[in-house]
Amino acid sequence: MRIFDPHIHMTSRTTDDYRRMYDAGVRALVEPAFWLGQPRTSPDTFADYFDGLLGWEPYRAAQYGIAHHCAIALNPKEANDPRLRGVLDLLPRYLAKDRVVAVGEVGYDEMTPAEDEVLQAQLALAVEHELPVLVHTPHRDKAAGTVRTLDVVKDSGLPPEMVLVDHLNEMTAAAVADSGCWSGFSVYPDTKMDVHRMIALLRRYGTDRVLVNSAADWGHSDPLKTRAVGDAMLADGFTEEDVDKVLWANPVAFYGQSGRLELDDVTPAADYAGNTIKRGVAP
């Protein structure tokens with residue numbers, strides 16, 4: 001089983017997580033910019049963070065046989081802080097760089113006027129840079145936030161196939177599926193989506209334009225939830241082709257629209273046994 005985790009925050013994870021992910025079949029990932037857990041106080045701290053997503057983290061991932069890409073944005077939670085509005089001026093420099101495969105995470109947290117302005121500005125940058133967009137739907141009042149998100153995306157002029165609307169659940173899946181956007185589901189140990197509910201949604205809506213991610217970060221999360229979904233799909237009667245579509249082909253198709261995915265050196269899972277390449281060369 002080969003896995004592409006399309007949304008995971010490896011800056012907050014350990015090297016042991018990389019090793020476990022590799023052993024589980026993860027060969028590629030996208031790390032979106034996100035809130036680090038406490039307020040940042042200036043755009044300069046974002047520059048350092050973005051540099052880490054483009055420098056240190058891809059290097060760290062490569063030591064464990066995993067291709068690392070990222071999405072860059074001012075995240076919704078910090079869009080309300082006027083001290084950070086200057087981050088929008090930094091973004092064009094970073095959105096032009098290799099291995100930046102999307103603008104994200106963008107979207108809503110509390111659905112304020114400031115979040116409206118920042119979301120619209122970043123969608124315009126995505127249009128300008130011809131990049132896909134990863135959209136965060138709010139944790140509170142998710143249904144209303146998702147509808148509002150889809151309205152703003154529609155007004156932006158971005159084609160729906162360039163937009164991934166994430167953190168969906170049973171209340172929001174239909175609206176996103178009907179919009180033509182890609183649907184993202186974050187599978188967590190206790191919150192968001194769980195494995196069994198994910199299987200039920202795949203049965204209901206199918207595997208087209210669906211991405212499953214762990215969204216693992218500094219909170220109670222699990223970077224192996226993508227593998228758990230794949231195993232559960234097989235146990236429920238989905239084919240290996242179905243699993244490969246959801247866990248590999250769909251993320252590749254969505255982020256491949258950036259023209260910046262670098263997967264040529266990713267060795268198929270079949271060439272590995274545990275943490276050892278069958279050719280005899282340690283990763």
Side-chain angles (χ1 to χ4, degrees), residues 5-13 29-54 57 70-91 94-95 100 102-126 131-153 156 163-169 171-172 176 184-193 213-221 223:
D5 193 329
H7 182 161
I8 186 169
H9 301 289
M10 294 307 299
T11 297
S12 60
R13 309 302 302 193
L29 62 87
V30 168
E31 179 165 2
F34 82 132
W35 182 56
L36 291 180
Q38 66 180 34
R40 283 175 280 206
T41 57
S42 79
D44 291 340
T45 60
F46 278 83
D48 293 336
Y49 172 52
F50 295 160
D51 287 341
L53 292 181
L54 284 161
E57 211 55 50
C70 68
I72 296 291
L74 174 61
N75 70 84
K77 194 170 183 68
E78 293 175 301
N80 295 297
D81 190 337
R83 297 174 299 176
L84 304 180
R85 194 58 66 92
V87 174
L88 296 178
D89 298 325
L90 290 175
L91 292 180
Y94 286 97
L95 295 179
V100 176
V103 178
E105 300 177 57
V106 302
Y108 288 111
D109 182 47
E110 300 176 356
M111 291 185 284
T112 65
E115 292 172 20
D116 277 323
E117 294 174 10
V118 171
L119 174 57
Q120 291 167 13
Q122 295 188 101
L123 292 175
L125 285 171
L131 285 173
V133 175
L134 170 60
V135 178
H136 166 102
T137 53
H139 300 302
R140 299 176 299 279
D141 204 5
K142 185 176 290 289
T146 301
V147 171
R148 185 165 170 178
T149 296
L150 292 173
D151 288 341
V152 175
V153 165
S156 74
V163 180
L164 168 59
V165 185
D166 212 345
H167 306 319
L168 299 181
N169 59 24
M171 296 176 61
T172 55
V176 175
F185 296 90
S186 301
V187 181
Y188 261 43
D190 298 321
T191 61
K192 296 185 172 71
M193 184 61 56
N213 64 76
S214 70
D217 56 15
W218 36 256
H220 183 40
S221 50

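Below, each value reflects all heavy atoms present in this structure, side chains not excepted, and no hydrogens, waters or symmetry copies.
The salt bridge (charged side-chain N to carboxylate O under 4.0 Å, His left out) search around D151 returns none, not counting sequence neighbours. Here D51 pairs with Y94 under the side chain to side chain contact (heavy atoms under 4.5 Å, CB included) rule; sequence neighbours left out. Scored by the side chain to side chain contact (heavy atoms under 4.5 Å, CB included) test, S186 finds D166, H167, K192, N213, A215 as partners (sequence neighbours excluded). For Y188, there are no ring pair (Phe, Tyr, Trp, His ring centres under 6.0 Å) partners at least two apart in sequence or on another chain. In this view, D44 satisfies the salt bridge (charged side-chain N to carboxylate O under 4.0 Å, His left out) rule with no residue, not counting sequence neighbours. With sequence neighbours excluded, the residues forming a side-chain hydrogen bond (donor to acceptor under 3.5 Å, both in side chains) with T137 are K142, listed by chain and number. For D109, the side-chain hydrogen bond (donor to acceptor under 3.5 Å, both in side chains) test picks out no residue, with sequence neighbours left out. Annotation: side-chain hydrogen bond (donor to acceptor under 3.5 Å, both in side chains) contacts of Y49 (sequence neighbours excluded): none. Evaluation of the side-chain hydrogen bond (donor to acceptor under 3.5 Å, both in side chains) rule for T11 yields E31 as partners, not counting sequence neighbours.
In summary, the side chains of T45 and D48 do not present any donor paired with an acceptor at a separation below 3.5 Å, with no hydrogens or angles considered.
The side-chain heavy atoms of L54 and C70, taken from C-beta on, include a pair separated by under 4.5 Å. Side-chain atoms of T146 and Y108, non-hydrogen and from C-beta on, never get closer than 4.5 Å to each other. You'll find the side chain of S156 stays beyond 4.5 Å of the side chain of Q120, heavy atoms only. T149 has its side chain out of reach of V152: every pair of non-hydrogen atoms, C-beta onward, lies at least 4.5 Å apart. At a threshold of 4.5 Å between non-hydrogen side-chain atoms, the residues I8 and P223 count as touching.
The distance from atom CG of L91 to atom CZ of F46, rounded to the nearest 0.5 Å, is 9.0 Å. The CG atom of L29 sits 11.0 Å away from the NE2 atom of H7 when rounded to the nearest 0.5 Å. Of the inter-residue distances, the one linking I72 atom CD1 with L53 atom CG reads 5.0 Å to the nearest 0.5 angstrom. Residue L134 holds its CG atom at 11.5 Å from CD of Q122, rounded to the nearest 0.5 Å.
The side-chain hydrogen bond (donor to acceptor under 3.5 Å, both in side chains) contacts involving residues 71-88 comprise R40-E78, N75-E78, N80-T112, N80-E115, D81-R83, R85-E117, where partners must be two or more places apart or lie in separate chains.
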